[in-house]
Engineer: 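Below you'll find the structure I mean.
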Amino acid sequence: MKRILIFFIMVLGLVTSSVGQATTETSVTSIWDDPMISFYVVVGFLFVVVILVLMVALYMLQVLNYMVKQATKERSERLGIVYKEEPSFWSTIWNKSNDFIPIEKEKEIMLDHNYDGIRELDNHLPPWWTGLFYGSIVFAILYLIFYHVSDTLPLQLQEYETQVAQADEQARKLKASNPVAIIDETNVAIVTDPVALADGKTTFLSNCASCHRQDGGGDIGPNLTDDYWKNGGSIQNIFTVVRHGVQGTNMIAWEGFISPDKMQNVSSYILTLKGSNPENPKKPEGELYVPKEVSSDSTKVQASL
Ligand code: HEC
């Protein structure tokens, strides 16, 4: 009993700790905002509770059964009656579903023929086997009716298509409610908010500095502080390089590793490095990039040249 109690306490501890984790994650990841997830967690929790209650109930039932048996035995002993144990519920079911002709009676069901000493018993199939066999026939007929004749239930392909449609709809809603998720080359903009730039710096230092140096002066990757760019120096150009990488070089596509808003932040941060003149920079690579807004203003073009 003590061991069972300890087991229950351990299971409960496990369950509560996993639910605890679930709640702490709520604030961080967005999947927990999905009401279905919380629903599944609650249902899962209830399921575990029901199983535990059932286990306890079964155990209590066994104890009760044992006590009743013991009491009957004692009583019959007192009254001098021979005690005969009744077969339990399970053993009755077991015997019924394995209803063989017992070995002692095999002689009666032995067939006449005899092939080189190999003879045949006319034992019938166990009821559990025939039950499964007839059950599968019934299942097949019902399956045929529901899935192919009346079309009441969806076939796999249909099911797949509805699920894909649902997921598309969900993704569309998510995008609509969260514009950050749809930042791409077409709508990326330079951010100037200090918090966003600080975030960009953090991303840069942890992901990019190994190749572009902490100050952006360039190492394996090009110098990001000068006016020369291999792939163009507009925010769109930079964002594109960060998002898709440059094929055949060490610059990988960061999409999937860094969220779109963070890619926008780090791209904007890179633009703030312009003219920071770090010590010992990498030689300019690529072409001189002149921002479009400036090119319309002749004095500034002169200045930047
Ligand atoms: C493993 C090394 C490596 C890492 C890490 C790396 N880069 Fe690069 N990066 C490169 C190389 C090499 C190039 C040059 C690609 C080319 O030849 O066009 C490059 C090019 C670039 C360019 C375009 C420069 C130009 O002149 O057109 C930008 C912008 C850039 N990287 C930003 C980043 C950012 C932001 C990160 C971090 C999220 C990052 N890089 C991480 C190696 C790296």
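Keep in mind it's a predicted model, so treat the numbers as computed, not measured. Ligands are counted one by one from 1 in listed order, and the atoms in each one are counted from 1 as well. Below, each value reflects all heavy atoms present in this structure, side chains not excepted, and no hydrogens, waters or symmetry copies.
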Engineer: Which residue is it: Trp128, Tyr134, Trp129? I am looking for the one with a side-chain contact (heavy atoms from CB on, under 4.5 Å) to Leu132.
Structural biologist: Trp128

Engineer: Heavy atoms, side chains only, cut-off 4.5 Å: are Ile238 and Trp229 in contact?
Structural biologist: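 In short, these two side chains touch, coming nearer than 4.5 Å.
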
Engineer: Going by the order shown, which atoms of ligand 1 are within less than 4.0 Å of some heavy atom of Ile238?
Structural biologist: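 Going through ligand 1 atom by atom, the ones under 4.0 Å from Ile238 are 29 (C).
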
Engineer: Specify the protein heavy atom at minimum distance from atom 5 (C) of ligand 1: its residue, its atom name, and the distance to 0.1 Å.
Structural biologist: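 That would be Asn207 O, 3.3 Å.
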
Engineer: If you count the atoms of ligand 1 from 1 in the order shown, which ones are under 4.0 Å from a heavy atom of Asn231?
Structural biologist: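 Answer, ordered by atom number: 18 (O), 23 (C), 25 (C), 27 (O).
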
Engineer: Which atoms from ligand 1 have a heavy atom of Ile258 less than 4.0 Å away?
Structural biologist: 38 (C)

Engineer: Taking atom CD as the centre, does Gln214 end up with more than 12 heavy-atom neighbours from other residues, nucleotides or ligands that are less than 6.0 angstrom away?
Structural biologist: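 No.
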
Engineer: Below 4.5 Å, heavy atoms only, C-beta onward: do Val138 and Leu142 meet side chain to side chain?
Structural biologist: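 Counting from C-beta outward, Val138 and Leu142 do come under 4.5 Å.
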
Engineer: Are Lys201 and Leu205 side-chain neighbours, meaning at least one heavy-atom pair lies under 4.5 Å?
Structural biologist: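 Yes; the side chains approach each other to less than 4.5 Å.
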
Engineer: Quick one: does ligand 1 sit under 4.0 Å from the side chain of Trp254, the backbone, both or neither, non-hydrogen atoms only?
Structural biologist: side chain

Engineer: Using a distance threshold of 2.8 Å, what protein N/O/S atoms lie below it relative to atom 8 (Fe) of ligand 1?
Structural biologist: His212 NE2, Met251 SD

Engineer: Quick test: of every protein heavy atom, which one is nearest to atom 17 (O) of ligand 1, and how far off is it to 0.1 Å?
Structural biologist: Lys230 NZ, 2.7 Å

Engineer: Can you tell me if Leu54 has over 12 outside heavy atoms packed within less than 6.0 Å of its CG?
Structural biologist: yes

Engineer: Is any side-chain heavy atom of Arg119 closer than 4.5 Å to one of Leu111?
Structural biologist: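 They are not in side-chain contact.
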
Engineer: Is Asn265 close to Val191 at the side-chain level, that is, under 4.5 Å between some pair of heavy atoms?
Structural biologist: yes

Engineer: I'd like to check Ile183 versus Phe239 (side-chain heavy atoms, cut-off strictly below 4.5 Å). Are they in contact?
Structural biologist: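 Yes. Closest side-chain heavy atoms under 4.5 Å.
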
Engineer: Using a heavy-atom cut-off of under 4.0 Å, does the side chain or the backbone of Ile270 touch ligand 1, or both, or neither?
Structural biologist: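 It is the side chain that touches ligand 1; the backbone stays farther off.
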
Engineer: Heavy-atom distance under 4.5 Å between the side chains of Trp254 and Val266, does that happen here?
Structural biologist: no

Engineer: Heavy-atom distances under 4.0 Å are what count here, so tell me which part of Asn237 touches ligand 1: side chain, backbone, both or neither.
Structural biologist: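 Asn237 to ligand 1: no contact under 4.0 Å from either part.
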
Engineer: Please list the nearest protein heavy atom to atom 12 (C) of ligand 1 with its residue and the distance rounded to 0.1 Å.
Structural biologist: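 So the nearest neighbour among protein heavy atoms is Ile220 O, 3.7 Å.
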
Engineer: Starting from atom 15 (C) of ligand 1, find the nearest protein heavy-atom neighbour and note its residue, name and distance.
Structural biologist: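 Its nearest protein heavy-atom neighbour is Thr249 OG1, 3.7 Å.
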
Engineer: Is there side-chain contact between Leu197 and Ser268, with at least one heavy-atom pair below 4.5 Å?
Structural biologist: yes

